[in-house]
Amino acid sequence: MASLELVLPRSFYVQDSVTVARELVGKLLVRRLEGVDLIGRIVEVEAYGGENDPASHAFRGVTDRNRLMFGVGGFAYVYFTYGKHWCFNVTTGPEGVAGAVLARALEPLRGIEVMQKNRGVKRLRDLTNGPGKLTEALGIRGELNGVDLTKEGELFICKSEEKGNFEVVVGKRVGIRFGLQKPWRFYIKDNKFVSRT
DNA sequence: TGTGTGATAGTCT
DNA sequence: GACTATCACACAT
């Protein structure tokens, strides 16, 4: 289904994280799991920066966990948090410049039965309306940390074939204590799958 | 529709 | 030893 020319190229990710975040809204996240494609439309994201962003993992420099954020854009940065949840990000910017975009919510499009099974819930709206929920629904775990998102493999991102018919809203980021003044959260207006309103 | 709280384990100081 | 880019559930409105 996902044709090769629709997969987003490296150049898309080698931009400022805020730019990538805004552009990522409406794109399709594809998880290829045992030959089955689980697809969700990205409806909510947040941008994270480097030394200039106190909310970012990269704020205090390179560590074992965050080093992907300092590499070239277009790779999956997957980390474990709150003792229970995985969060999925895409790295952004050129080599040496820290940045990433957190996927906060998806609208389930394909493979919904598998997502329901992975999540243990039926209600469509509860499947992928949060960063920890969407990773559980798509089976995204630490083993996918570092995957190249520009290659059509286990995990990648495509343009949608349908033309985007939506309005992107900007707001404050969620679930952080610092850097709250930065309007770096982007989501689709009135979309039912956005994590918080 | 919203607020409050406990669970849980990896990461960093 | 403290903190966390979260979630689910309880309970009130």
Expected list for residues 111-118 of chain A: side-chain donor-acceptor pairs under 3.5 angstrom, two or more places apart:
from      : atom 1 : to        : atom 2 : distance (Å)
Gln116(A) : NE2    : Lys122(A) : O      : 2.8
Asn118(A) : ND2    : Ala137(A) : O      : 2.8

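Side chains of Met69(A) and Ser56(A) form a contact here, defined as non-hydrogen atoms less than 4.5 Å apart. With contacts defined as side-chain heavy-atom distances shorter than 4.5 Å, the pair Arg104(A)/Val45(A) does not qualify. For the pair Phe193(A) and Leu127(A), the minimum side-chain heavy-atom distance is 4.5 Å or more. Inter-residue side-chain proximity for Phe12(A) and Val90(A) is flagged as unmet; no heavy-atom pair is nearer than 4.5 Å.
dA8(C) atom C1' lies 13 Å from atom CZ of Arg196(A), rounded to whole Å. The separation between Trp86(A) atom CH2 and dT4(C) atom C1' is 15 Å, rounded to whole Å. One can place CD of Glu136(A) at 15 Å from P of dT8(B), the figure rounded to the nearest angstrom. As a whole-Å value, the separation of Glu44(A) CD from dA5(C) P is 16 Å. In this structure, Phe80(A) atom CZ and dA7(B) atom C1' are separated by 12 Å, rounded to whole Å. We find that OH of Tyr48(A) is positioned 12 Å from P of dT4(C), with the value rounded to whole Å.
Applying the salt bridge (charged side-chain N to carboxylate O under 4.0 Å, His left out) rule to pairs touching residues 53-79 of chain A yields Asp53(A)-Arg173(A), sequence neighbours excluded. Listed by first and then second residue, the side chain to side chain donor-acceptor pair (under 3.5 Å) pairs that reach into residues 135-146 of chain A are Arg119(A)-Glu136(A), sequence neighbours excluded. Residue pairs satisfying the salt bridge (charged side-chain N to carboxylate O under 4.0 Å, His left out) criterion with at least one member in residues 176-185 of chain A, sequence neighbours excluded, are listed as follows: Glu44(A)-Arg185(A).
Stacking here means ring centres nearer than 5.5 Å and ring planes tilted less than 30 degrees, and by that measure Tyr82(A) does not stack onto dT8(B).
Applying salt bridge (charged side-chain N to carboxylate O under 4.0 Å, His left out) to Glu107(A) and the options Lys27(A), Arg41(A), Arg125(A) leaves one that passes, Arg41(A). Considering Leu24(A), Thr128(A), Ile157(A) in turn, Ile157(A) is the only one that fulfils the side chain to side chain contact (heavy atoms under 4.5 Å, CB included) rule with Leu29(A).
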Look for any protein N or O under 3.5 Å of an N or O in nucleotides 3-6 of chain B and output each such pair with its distance, or none.
none

Please write out each protein N/O paired with an N/O of nucleotides 10-13 of chain C under 3.5 Å, distance rounded to 0.1 Å.
none

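For Ala47(A), the side chain to side chain contact (heavy atoms under 4.5 Å, CB included) test picks out Ser17(A), Val18(A), Ala21(A), Trp184(A), with sequence neighbours left out. Scanning for ring pair (Phe, Tyr, Trp, His ring centres under 6.0 Å) contacts around Phe80(A) gives Trp86(A), with sequence neighbours left out. With sequence neighbours excluded, the residues forming a side chain to side chain contact (heavy atoms under 4.5 Å, CB included) with Phe70(A) are Glu51(A), Ala58(A), Val62(A), Asn66(A), Ala98(A), listed by chain and number.
Checked by atom type and distance alone, the side chain of Asn52(A) pairs as donor or acceptor with a backbone atom of Gly50(A) at under 3.5 Å. In terms of modelled atom types and a separation under 3.5 Å, the side chain of Glu23(A) and the main chain of Val20(A) share no donor-acceptor contact. Distance alone, capped at 3.5 Å, is enough to place a donor-acceptor pair between the Thr91(A) side chain and the Gly74(A) backbone.
Contact annotation: Arg104(A) reaches the phosphate of dT6(C) (side-chain N/O to OP1 or OP2, under 4.0 Å).
Contacts between residues 53-78 of chain A and DNA chain B, counted as heavy-atom distances below 4.0 Å, involve Arg60(A), Thr63(A), Arg65(A). For DNA chain B, none of the residues of residues 168-181 of chain A falls under the heavy-atom distance limit of 4.0 Å.
Taking a pair as Watson-Crick or G-U wobble with both distances under 3.5 Å, DNA chain C forms stems of 3 or more consecutive pairs at B:1-7 with C:6-12, B:9-12 with C:1-4.
Looking at heavy-atom distances under 4.0 Å, Arg119(A) makes contact with sugar-phosphate atoms alone, never a base.
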